[in-house]
J.: 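Here's a structure for you.
If you read the sequence from its start, that first residue is 1, and numbering goes on from there.
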Amino acid sequence: MTTEHSVQFTSGSPETVLDPISPELADALNAAIALPEAEQHAAVSAVAARDPRCLQAWATLAELADTPIDRYAFARVGYHRGLDSLRAAGWRGSGYVRWRHESNRGFLRSLHALELAAAAIGETDEEQRCALFLRQLDPEWNSRDL
């Protein structure tokens with residue numbers, strides 16, 4: 001029997017891919033990262049101020065920060081901004097957000113930075129939650145890919 005309606009089934013968990021940042025913002029971030037080390041933080045901060053939804057900027061700020069508490073703060077902003085972006089992209093609290101998609105990396109880097117910063121300040125529960133969440137989002141997660 002043939003019907004007018006087709007039903008498509010998906011296998012496994014749904015996958016969310018965030019939209020890429022604009023080419024102009026990517027260029028600004030790449031230019032900031034290419035500066036001498038002493039100038040990078042201020043330049044990346046300017047990119048984050050230009051577009052506070054730029055997850056790659058928050059992840060980079062977390063990675064550049066000098067102190068564990070600064071790394072924690074920047075990573076936390078990137079993580080929460082990332083959750084907002086994921087929800088806006090249709091993510092409903094479960095499913096994959098994989099590293100292999102370049103546009104997901106700002107969020108995953110922020111989450112990984114939050115894991116490391118939580119460990120550095122003794123937030124063991126948060127460190128473990130972040131580690132588990134990373135592997136739930138991407139079962140192939142490998143921090144060596146950073």
J.: According to a hydrophobic-cluster definition based on side-chain heavy atoms being under 4.5 Å apart (Ile, Leu, Val, Met, Phe, Trp, Tyr only), do L86 and V77 belong together?
T.: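 No, it is not one cluster - the side chains of L86 and V77 are not joined through contacts under 4.5 Å.
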J.: How far apart are the closest heavy atoms of E127 and A118, and which atoms are they?
T.: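 In this case the closest contact between E127 and A118 is N-CB, 3.7 Å.
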J.: Can L111 be reached from L132 by stepping across I, L, V, M, F, W or Y side chains whose heavy atoms are under 4.5 Å apart?
T.: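 Result: no, two separate clusters.
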J.: If I take atom CZ from residue R105 and atom CG from residue L18, how far apart are they, to the nearest 0.5 angstrom?
T.: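 Here the interatomic distance stands at 12.5 Å.
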J.: For R71, enumerate each residue passing the salt bridge (Lys or Arg N to Asp or Glu O under 4.0 Å) test, keeping only those at least two apart in sequence or located in another chain.
T.: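 Partners of R71 by the salt bridge (Lys or Arg N to Asp or Glu O under 4.0 Å) criterion come out as none, since no residue qualifies.
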J.: Once rounded to the nearest 0.5 Å, what's the spacing between atom CZ of R129 and atom CD of Q136?
T.: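 Answer for the CZ-CD pair, R129 versus Q136, is 12.0 Å.
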J.: Can you give me the closest heavy-atom contact between E15 and R98, atom names plus distance?
T.: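 Looking at all heavy atoms of both residues, the shortest contact is OE2-CD, 3.3 Å.
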J.: Would you name the heavy atoms of A28 and R50 that are closest together and state the gap between them?
T.: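 A28 and R50 have their closest heavy atoms at CB-NH1, 3.4 Å.
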J.: For the residue pair A113 and A62, what are the closest heavy atoms and their distance?
T.: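 Reported closest heavy-atom pair: CB-CB, 3.8 Å.
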J.: Can you measure from CG (L108) to CG (L134) and round to the nearest 0.5 angstrom?
T.: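 It is 6.5 Å, given to the nearest 0.5 Å.
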J.: Side chains of V44 and L29: does their closest heavy-atom pair fall under 4.5 Å?
T.: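 SC-SC contact between V44 and L29 confirmed.
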J.: Could you report the tightest heavy-atom contact between C130 and E115, atom names first, then the distance?
T.: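 Nearest pair, atom of C130 first, then E115: CB-CB, 3.6 Å.
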J.: In terms of hydrophobic clustering (I, L, V, M, F, W, Y; side-chain heavy atoms under 4.5 Å; direct or indirect links), are W99 and W58 co-clustered?
T.: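 No; tracing contacts between hydrophobic side chains, which count when under 4.5 Å, never links both residues.
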J.: Check whether D138 reaches the backbone of V97 with its side chain - one donor and one acceptor, N or O, closer than 3.5 Å.
T.: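 A pair under 3.5 Å: no.
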J.: How long is the gap from CG on L35 to CG on N30, to the nearest 0.5 Å?
T.: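 If I round to the nearest 0.5 Å, the distance is 11.0 Å.
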J.: What do the steps show when you test E126 against R76 for salt bridge (charged side-chain N to carboxylate O under 4.0 Å, His left out), and what is the final call?
T.: CA-CA 11 Å; E126 185 167 30; R76 202 112 169 91; 2.9 Å; yes
J.: Parallel, tilted or perpendicular: which describes the rings of Y79 and F133, with under 30° parallel and over 60° perpendicular?
T.: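 Y79 vs F133 ring planes: perpendicular.
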J.: For T67, check side chain to side chain donor-acceptor pair (under 3.5 Å) against everything at least two apart and list the hits.
T.: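 Applying side chain to side chain donor-acceptor pair (under 3.5 Å) to T67 gives D70.
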J.: CG of L55 to CG of L83: how many Å apart, nearest 0.5 Å?
T.: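 CG of L83 is found 9.5 Å from CG of L55.
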J.: Working to the nearest 0.5 Å, report the span between CG of N104 and CZ of F107.
T.: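 With rounding to 0.5 Å, CG (N104) is 9.0 Å from CZ (F107).
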J.: Go through L137 and Y96 one step at a time and tell me if the side-chain contact (heavy atoms from CB on, under 4.5 Å) criterion holds.
T.: CA-CA 4 Å; L137 293 171; Y96 297 125; over 6 Å; no
J.: Using 30° and 60° as the class boundaries, would you call the ring planes of W141 and H112 parallel, tilted or perpendicular?
T.: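 The arrangement is tilted - the two ring planes meet at 30° to 60°.
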J.: So which atom in G78 and which in S110 form the shortest heavy-atom distance, rounded to 0.1 Å?
T.: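 Heavy-atom minimum between the residues: CA-OG, 3.5 Å.
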J.: Can a donor-acceptor pair be found between the side chains of R109 and T60 at a distance below 3.5 Å?
T.: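 Side chains of R109 and T60: pair found under 3.5 Å.
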J.: In this structure, would L61 and L116 fall into the same cluster of hydrophobic residues linked by side-chain contacts under 4.5 Å?
T.: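 Different clusters.
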J.: May I ask you to decide whether R81 forms a salt bridge with D84, counting only side-chain N to carboxylate O separations under 4.0 Å?
T.: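 Salt bridge absent between R81 and D84.
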J.: May I ask you to check whether over 12 heavy atoms, not counting those of R53, lie within 6.0 Å of atom CZ?
T.: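 No - once you tally the heavy atoms of other residues, nucleotides and ligands closer than 6.0 Å, there are 12 at most.
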